[in-house]
Amino acid sequence: MAMDKTYQPHAIEQSWYKTWEEKGYFAPQGGDDSYCIMIPPPNVTGSLHMGHGFNNAVMDCMIRYNRMQGKNTLWQPGTDHAGIATQMVVERQLAAQGIDRKDLGREKFLEKVWEWKAESGGNITNQIRRLGSSVDWSRERFTMDEGLSKAVEEVFVRLYKEDLIYRGKRLVNWDPKLHTAISDLEVENKDKKGHMWHFRYPLADGVTTQDGRNYIVVATTRPETMLGDTGVAVNPEDPRYKDLIGKFIELPLVGRRIPIVGDEHADMEKGTGCVKITPAHDFNDYEVGKRNKLPMINILTFNGEIRAAAEVFNTNGEASNDYSTELPQEYAGMDRFDARKAIVAKFDELGLLDEVKDHDLTVPYGDRGGVVIEPMLTDQWYVRIEELAKPAIEAVENGSIEFVPKSYENMYYSWMRDIQDWCISRQLWWGHRIPAWYDDNGNVFVGRSEAEVRQDNNLGDDINLRQDNDVLDTWFSSALWTFSTLGWPENTEELKTFHPTDVLVTGFDIIFFWVARMIMMTLKFTGEVPFKKVYVHGLVRDQEGQKMSKSKGNVLDPLDIIDGIDLESLVAKRTSGMMQPQMAAKIEKQTRKHFPDGIAAHGTDALRFTFLSLASTGRDVKFDMSRLEGYRNFCNKLWNATRFVMESIGHTDEAPLSADAIADLNNGDVDLSLADRWIISRLQQAEKEVIHALDDFRFDHAAQALYDFVWNEYCAWYLELSKPVLWSDESTDAQKRAARRTLVKVLEATLRLAHPMMPYITEEIWQTLAPIADTTQLSQNGETIMLAQYPQYDESKVDAQAETDIEWLKGVITGIRNIRADLGIGPGKPVKCLFKNGSDDDQRRLQANTNFLKAMAKLEDITWLNAGDKAPLASTALVGKMEVLIPMAGNIDAAAEISRLEKALEKNQKELDRVAGKLNNPKFTDKAPADVIEKEKAKLAEFEDAAAKLSEQLEAIKAL
RNA sequence: AGUCGCGUAGCUCAGUUGGUUAGAGCACCACCUUGACAUGGUGGGGGUCGCUAGUUCGAAUCUAGUCGCGACUACCA
């Protein structure tokens, strides 16, 4: 291993990944306990964003951690076909060549989609590799694979046979741009400013209202739908209008005669109290229509344009002659929003526009197409969900599935307990085609294949059958992900071994879309939960807290953070292929502001460590470039610590340590120093903390504990403390060997501890270090850190004495450094030092650490003062009760020392007052537990002692 | 409107069952190129823990209210 002065991630990452993959380290390795995570399948034709990066960092950390603990570990990758999104992309590509999907035909179009999948599919898998994710590529799955498609058919057929899937003409959320129904989850409600139009509807047959008007006024936010009105509702209790129930309206523009009905939906307090009813274009009206047996009139095409002729249905959704299909021709073919303007104008012209008010309203948009959703009367397939939801709720209630953090369980319950039937058909071509066939009479047959359908229903070849044109919602197949990918409906070995899986790692935004549906489907078909735990993480946001999205132009490709990207390329990347090209200028400006110098290369480990350190329980993960930089530096720190260790044991690439030298290092006599015992003890603590944090899904704590240990203990103190031993001629061989062995062994264990979080750098270093540390036996073959044993906390190596002694040492050194800084004595200048008022313990510590102290505080001389010994005039630091004195020989600034002492005294006094106040309060001394009172008393004594010593010192100097 | 979450240093975030002198990283200031690392070292400044009440001997932590932000659900004639 050639060791550059700084860590160069790009030099090692890809080759290590290749090695791991080729050697098959990612595949399950056997063992009694299994551990399995299924990757949330990303869109096969998409590309990974920061959210995926985060997600992968967490999953890989858990997988590597469990693998190193010897579990039979499977992390299974895969992608989904993302019906709407993928079809849209391919349609747009074709449109660019002037080709329309419909001209191409279904078969040809699907060929194009498969081609595109083949072309872009490698993108995601490449990204996953670059993130270092140790997924088992041999088991990669795709939702449209043959096996999974079989599972989808099987599930559909079984649900249908149990009457849990049905087909019906109902009002659905229709996307007029994408020409498909979508589920209510795919609807995004946005607040908009709009208007409320008040229309006069003339009463028929000469009827008048109580106050003598020959019309009533209805209010609407969607005037164009009036063409489909089949009634007006008033509240049956409403004194103003109840007499009108049963009377009729002469619908303007259309001349349709429609009834006034009484329905509690009409709120006397709201609007005018009269509500126009358009059952075919409004979810509430649909219900009102059903209750009052009003016909349904569809006036819109699937494009959202006004039809030339309406479609009239009775209340059961059957075609009917209740009304004429005639519509005013002037609106035919007009877009719904243009028609709105035209119709309002017409009402105005006719003197029927009563009033227009500004109105805030929530408008439904399709989350993919981005256009306003239209409630539309269509035939669709539904899953009857209530029966499936019940056991799924219980599984969480009884703890079979646990959400982490727990608070997400409430979110889950609130949705599950008020769940609506799931519209699963989509008017697309790309997806799992619905396994239903129709004969010429419109009878429907469901089965695994046409042949099966014919056989089961005794349908001869003379009977014409055609398959349903629609496909299933992508989430329908995703819902089967955990078990369909393991071979279900066969009862495979994999299924037996790895199902239920252990953890699902996902963002809260798809709890309803995916998590809940997986739980329902998996319980139904396997009788098992899909996973035991759901780790829910926040959404990755940009530095301004905005959700990252292509349309906002603030997305980041994790690879650009790993490899770096220059500003121009980043701008180009963000502004290309946009749905709304007019945003480009804004995005460019924003990008130039946030990344004036582009993005530097940071390496995978730094990126992963950043994600993990941000993985707390919050709902947002604001990605912070400066933290990323900090963790890149952390990698460099680890790298350079290794350089120091290598140098100190005399190992280089050119002249590696000989086998004899290694044997000597590991087996020769050692005389452990206090520092050696201390760092070994601290390592145990670090291991304990990291393991505890990982078991608890607190990746931020795990990262913090590791960072702290490596930087603030191993590097900042232990490495420094090893230098005097290694560099002194007075050290014995056993002492030097002890330091070297400790340097090596602690670093080696730290690498294993860190590996799940930062796989590359740890592997790179471990390869060289493990043979030297003679710890290859901790790995089954010594070939890779990936399969080495995860460190275990060893209580017997905890050394409390060493820990307190080193704390003392650090206190003395810090005290002296403080004096140096405050008095302007440069760190290079040797000083004398005296110890006053020390206890036996202090003396023992001093004797044991003279070398350390002299080296680290740059002391030329140390003197121990016994009681009664005369101390020179000096600057003082307190370590417990002991005073550390740096004599103020000659030119030292007395004023500086006075101000230093006064400041210290003031600070001390504040604390002293606070504690004294507490102890003087009888309420506290009466009620607080004894140990708390003892603690406070001890503090008080300490502060008082310090006050006395500081004032004494102050007086002495002032007396000069 | 309802439910939930959040509000701690300039920024990004920790803070375990109420008892620490409220922490970390980054940024900032001063000093230092000493034989792992300037992607470094040493020292330092910076917080009345959104606000107000309350419970308690004691509240960043518990309760109620309030303000602000966000998410979700519902309604919107």
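Numbers restart at 1 for each chain; the letters A, B, ... are given by sequence-line order, proteins then strands.
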- Message: Is A/Lys939 close enough to B/U21 that one of its side-chain N or O atoms is under 4.0 Å from OP1 or OP2 there?
- Response: yes
- Task: Using the C1' atom on both, measure B/G10 against B/A27 and round to a whole Å.
- Result: 7 Å
- Mind telling me whether A/Tyr408 and A/Phe508 have parallel, tilted or perpendicular rings, with 30° and 60° as the class edges? parallel
- Phosphate OP1/OP2 of B/G43: any A/Arg820 side-chain N/O under 4.0 Å: no
- Query: Once the angle between the rings of A/Trp711 and A/Phe634 is folded into 0 to 90°, is it parallel (under 30°), tilted (30 to 60°) or perpendicular (over 60°)?
  - Reply: parallel
- Any donor-acceptor N/O pair under 3.5 Å between B/C37 base and A/Lys637 side chain: yes
- Message: Let me spell it out: for each of A/Val187 and A/Asn284, pick the nucleotide of RNA chain B with the closest heavy atom. Which residue's pick is nearer the 5' end?
- Response: A/Val187
- side-chain contact (heavy atoms from CB on, under 4.5 Å) between A/Ile649 and A/Val744, worked out: CA-CA 9 Å; A/Ile649 58 174; A/Val744 167; 3.9 Å; yes
- Message: What contact category does A/Asn921 fall into here, base, sugar-phosphate, or nothing, at under 4.0 angstrom with non-hydrogen atoms?
- Response: sugar-phosphate
- Task: Would you mind classifying the nucleic acid contact of A/Arg541 as base, sugar-phosphate or nothing, using non-hydrogen atoms under 4.0 angstrom?
- Result: nothing
- Query: With a 4.0 Å cut-off, would you call A/Glu629 and A/Arg627 a salt bridge?
  - Reply: no
- How many Å lie between CZ on A/Phe697 and C1' on B/A14, as a whole number? 20 Å
- Is there a side-chain polar atom (N or O) of A/Lys723 under 4.0 Å from OP1 or OP2 of B/U34? no
- Query: Any ion pair linking A/Glu936 and A/Lys939 (charged N to carboxylate O, less than 4.0 Å)?
  - Reply: yes
- Item | A/Tyr215 ring center near A/Tyr201 ring center (under 6.0 Å) | no
- Item | A/Phe644 six-ring centre to A/Lys723 NZ/CZ under 6.0 Å and within 45° of normal | yes
- If you look at every strand shown and take non-hydrogen atoms under 4.0 Å, does A/Ser613 touch a base, only sugar-phosphate, or nothing? nothing
- Query: Under 4.0 angstrom, heavy atoms only, what part of the nucleic acid is A/Ala266 near: base, sugar-phosphate, or nothing?
  - Reply: base
- Query: So what does A/His265 hit on the nucleic acid, given a heavy-atom distance under 4.0 Å: a base, only sugar-phosphate, or nothing?
  - Reply: base
- Distance-only donor-acceptor test, A/Thr362 side-chain atoms vs B/C76 base atoms, 3.5 Å: yes
Show each protein N/O and nucleotides 25-31 of chain B N/O combination with a separation under 3.5 Å, one pair to a line.
{"from": "B/C26", "atom 1": "O2'", "to": "A/Ser626", "atom 2": "OG", "distance (Å)": "3.4"}

- What nucleic acid atoms does A/Gln420 come within less than 4.0 Å of, heavy atoms only: base, sugar-phosphate, or nothing? nothing
- Message: Salt bridge or not between A/Asp700 and A/Arg698? Use side-chain N to carboxylate O under 4.0 Å.
- Response: yes
- Note on the structure: In RNA chain B, consecutive runs of at least three Watson-Crick or G-U pairs below 3.5 Å, as range with range, amount to B:1-7 with B:67-73, B:10-13 with B:23-26, B:28-32 with B:40-44, B:50-54 with B:62-66
Donor-acceptor pairs under 3.5 Å, side chain of residues 914-921 of chain A to any protein atom, not counting sequence neighbours: which ones?
{"from": "A/Arg914", "atom 1": "NE", "to": "A/Glu911", "atom 2": "OE1", "distance (Å)": "3.2"}
{"from": "A/Arg914", "atom 1": "NH2", "to": "A/Glu911", "atom 2": "OE1", "distance (Å)": "3.1"}
{"from": "A/Asn920", "atom 1": "ND2", "to": "A/Ala916", "atom 2": "O", "distance (Å)": "3.2"}
{"from": "A/Asn921", "atom 1": "OD1", "to": "A/Lys923", "atom 2": "N", "distance (Å)": "3.0"}

- With sugar-phosphate meaning primed atoms plus P, OP1 and OP2, does A/Cys715 contact a base, only sugar-phosphate, or nothing at under 4.0 Å between heavy atoms? base
